[in-house]
Amino acid sequence: MTMAGGSSAVAIMALGVVLLAAPSECARAFFVFGDSLVDNGNNNYLMTTARADSPPYGIDYPTHQATGRFSNGLNIPDIISEQLGAEPTLPYLSPELHGAKLLVGANFASAGVGILNDTGIQFVNIVRVSRQLQYFGEYQGKLRALVGASQATQIVNQALVLITLGGNDFVNNYYLIPFSLRSRQFSLPDYVRYLISEYKKILTRLYDMGARRVLVTGTGPLGCAPAELALRSRDGECDRDLMRAAELFNPQLSQALEELNARYGDGTFIAANSFRVHFDFISDPAAYGFRTAKEACCGQGPHNGIGLCTAVSHLCANRDQYVFWDSYHPTERANRIIVSQFMTGSLDYVSPLNLSTALHIDASLMD
């Protein structure tokens with residue numbers, strides 16, 4: 001599982017307030033694909049070690065229960081749902097996802113997955129991206145049965161889609177072990193080019209399946225995660241290899257999205273600069289009201305970065321003071337800052353337009 005994205009009070013513009021006030025029955029559908037940064041419980045239904053369904057995960061969630069989200073509370077999709085004025089999407093594997101709940105959308109994400117099918121093999125039974133897309137097709141069949149083919153197509157075309165992939169392809173593949181298969185097969189620059197070519201196929205498939213507004217997050221500063229500080233850093237500085245990987249990957253992803261937009265229409269794919277957002281508060285946590293960006297709130301060992309967050313882990317008292325909840329994933333408060341930049345940030349953070357602008361344009365077209 002990876003801090004692949006990302007990851008002060010949320011700055012909500014007047015438009016955002018309008019969006020929050022929108023009644024849920026009028027909200028657009030929301031679909032989520034990707035890894036542990038955006039999984040909200042699919043892995044609870046699978047035989048895998050990549051799960052977050054036991055305390056202290058969820059300690060600050062409204063129910064104070066572990067839900068499968070890799071967070072102390074809400075994750076990025078939950079906070080985007082707030083902005084849409086909608087209830088959170090259910091995991092696709094949830095038995096509760098039927099009837100009217102289908103109109104809200106669905107979350108297909110699964111902790112541990114990457115762009116490549118061989119990423120995260122140590123987690124065994126996870127929903128790889130090819131299967132996530134297959135489930136999206138199944139979902140559309142259920143939606144057609146509920147509302148008819150024409151309305152189902154409209155719901156999908158008008159939906160917001162979030163996809164978060166890439167971090168695991170480095171953390172849980174290329175750099176998982178010394179002399180990994182992929183690192184013997186590819187130099188890092190060649191591996192990044194291969195990842196981008198495969199990612200473009202995934203995004204093209206999403207478009208072919210009806211997605212017309214897709215927020216694509218790049219990888220965060222992977223080498224700065226507490227797990228990597230604990231395992232790979234000697235001086236407490238971000239690991240250079242993983243930072244180089246992110247610095248190669250993100251610009252090439254942005255270029256790929258520009259190429260796809262040239263084909264499908266400007267703004268179909270929105271590039272969210274998770275690296276920039278997250279690095280802002282890693283480089284100056286105090287400016288955002290954090291006490292530390294080098295220590296996880298929950299964990300053990302150096303930087304609280306070794307192993308899983310469990311009931312016997314060291315747990316911080318004030319989660320709002322920490323950028324990282326566990327060895328890879330942001331706290332709810334950090335997630336809120338990330339989403340606020342996606343919503344209202346400048347072109348440095350989200351391009352070719354921010355999410356509030358995109359939602360405003362889409363709402364005007366739907367009127």
Side-chain angles (χ1 to χ4, degrees), residues 1-7 33-39 43 46-51 70 109-132 163-202 217-235 237-253 256 274-275 278 296 299 301-303 305-308 324 326-329:
M1 297 151 293
T2 180
M3 184 227 56
S7 56
F33 301 85
D35 58 25
S36 58
L37 279 172
V38 293
D39 182 357
N43 282 20
L46 304 173
M47 293 295 291
T48 178
T49 57
R51 15 189 337 149
F70 286 78
S110 178
V113 306
I115 295 165
L116 305 181
N117 277 336
D118 57 288
T119 290
I121 54 172
Q122 71 273 30
F123 301 126
V124 189
N125 190 15
I126 52 181
V127 186
R128 305 191 186 285
V129 174
S130 55
R131 179 59 62 88
Q132 291 183 29
I163 185 165
T164 295
L165 288 170
N168 279 324
D169 294 288
F170 298 107
V171 171
N172 282 310
N173 193 330
Y174 195 86
Y175 289 112
L176 178 62
I177 55 172
F179 310 110
S180 68
L181 181 63
R182 289 297 191 184
S183 68
R184 284 181 279 132
Q185 182 182 10
F186 291 105
S187 68
L188 181 61
D190 287 342
Y191 182 64
V192 169
R193 280 190 286 272
Y194 176 56
L195 288 179
I196 296 298
S197 70
E198 293 300 302
Y199 205 173
K200 284 181 75 174
K201 295 175 187 175
I202 293 165
T217 68
T219 69
L222 300 172
C224 302
E228 302 307 329
L229 295 181
L231 294 171
R232 301 173 63 91
S233 174
R234 295 179 180 176
D235 54 6
E237 296 302 311
C238 301
D239 176 69
R240 291 180 183 178
D241 289 340
L242 282 164
M243 295 301 279
R244 180 168 174 252
E247 288 160 2
L248 286 171
F249 179 85
N250 288 319
Q252 290 185 48
L253 177 59
S274 299
F275 187 99
H278 220 113
H303 305 281
I306 302 295
L308 299 172
F324 287 97
D326 63 11
S327 58
Y328 280 116
H329 305 94

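Here, residue 1 is the first one in the sequence, and each next residue gets the next number.
Phe123 places none of its side-chain heavy atoms less than 4.5 Å from the side chain of Leu46. For the pair Ser197 and Gln252, the minimum side-chain heavy-atom distance is 4.5 Å or more. Using a 4.5 Å cut-off on side-chain heavy atoms (C-beta onward), Arg232 and Tyr175 make contact. Cys224 has its side chain within reach of Met243: a pair of non-hydrogen atoms, C-beta onward, lies under 4.5 Å apart. Looking at Arg182 and Asp118, their side chains come closer than 4.5 Å, going by heavy atoms from C-beta outward. In this structure, Val129 and Ile115 have side chains that are not in contact, with every pair of non-hydrogen atoms separated by 4.5 Å or more. You'll find the side chain of Thr119 stays beyond 4.5 Å of the side chain of Val113, heavy atoms only. Counting heavy atoms from C-beta on, the side chains of Tyr174 and Val192 never come closer than 4.5 Å.
The minimum heavy-atom distance linking Pro189 with Arg244 is given by the pair CG-NH2, 3.7 Å. Considering all non-hydrogen atoms of both residues, Ala50 and Ile126 come closest at CB-CG2, 4.5 Å. In plain terms, the two heavy atoms of Ala246 and Gly220 that are nearest each other are CB-O, 3.6 Å. For Glu237 against Leu229, the heavy-atom pair with the smallest separation is O-CD2, 3.4 Å. Minimum interatomic distance between Ala225 and Ser327 (heavy atoms only, all atoms of both residues): CB-O, 3.6 Å. Summarising the geometry of Phe275 relative to Glu247, their closest heavy-atom pair is CZ-OE2, 4.1 Å, with the distance given to 0.1 Å.
Checked by atom type and distance alone, the side chain of Asp326 never pairs as donor or acceptor with a backbone atom of Phe70 at under 3.5 Å. Side chain of Glu228 to main chain of Cys238: no donor-acceptor pair is present (N/O by atom type, distance under 3.5 Å, no hydrogens or angles). In this structure, Asn168 contributes its side chain and Asn173 its backbone to no donor-acceptor pair below 3.5 Å.
Note that CG of Leu242 is 8.5 Å distant from CZ of Phe170, once rounded to the nearest 0.5 Å. The line from OG1 of Thr219 to CG of Asp35 is 10.5 Å long, rounded to the nearest 0.5 Å. One finds the CZ atom of Arg234 at 11.0 Å from the CG atom of Asp239 (value rounded to the nearest 0.5 Å). For the atom pair Phe249 CZ and Leu195 CG, the distance stands at 6.0 Å (nearest 0.5 Å). In this structure, CZ on Arg51 lies 12.0 Å from CG on Leu308, to the nearest 0.5 angstrom. Rounding to the nearest 0.5 Å gives a distance of 10.0 Å between CG of Asp169 and OH of Tyr194.
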**Request:** Check the pair Ser233, Asp235 against side chain to side chain contact (heavy atoms under 4.5 Å, CB included), reporting the backbone distance first and the verdict last.
**Result:** CA-CA 6 Å; Ser233 174; Asp235 54 6; 3.4 Å; yes
**Request:** Please step through side-chain hydrogen bond (donor to acceptor under 3.5 Å, both in side chains) for the pair Asn43 and Ser110, ending with a clear verdict.
**Result:** CA-CA 6 Å; Asn43 282 20; Ser110 178; 2.5 Å; yes
**Request:** Walk me through it: do Met47 and Val124 pass the test side chain to side chain contact (heavy atoms under 4.5 Å, CB included)?
**Result:** CA-CA 8 Å; Met47 293 295 291; Val124 189; over 6 Å; no
**Request:** Before giving the answer on side chain to side chain contact (heavy atoms under 4.5 Å, CB included), spell out for Phe33 and Ile202 the whole-Å C-alpha distance, their side-chain angles and the decisive distance to 0.1 Å.
**Result:** CA-CA 11 Å; Phe33 301 85; Ile202 293 165; over 6 Å; no
**Message:** Please evaluate residues Leu248 and Tyr191 with respect to the criterion side chain to side chain contact (heavy atoms under 4.5 Å, CB included), reporting the C-alpha separation (whole Å), side-chain torsions for both, the decisive distance (0.1 Å), and the verdict.
**Reply:** CA-CA 10 Å; Leu248 286 171; Tyr191 182 64; over 6 Å; no
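For the pair Glu198 and Lys201, the salt-bridge criterion is met [side-chain N within less than 4.0 Å of a carboxylate O]. Salt bridge status for Asp190 with Arg193: present, with a side-chain N to carboxylate O gap under 4.0 Å.
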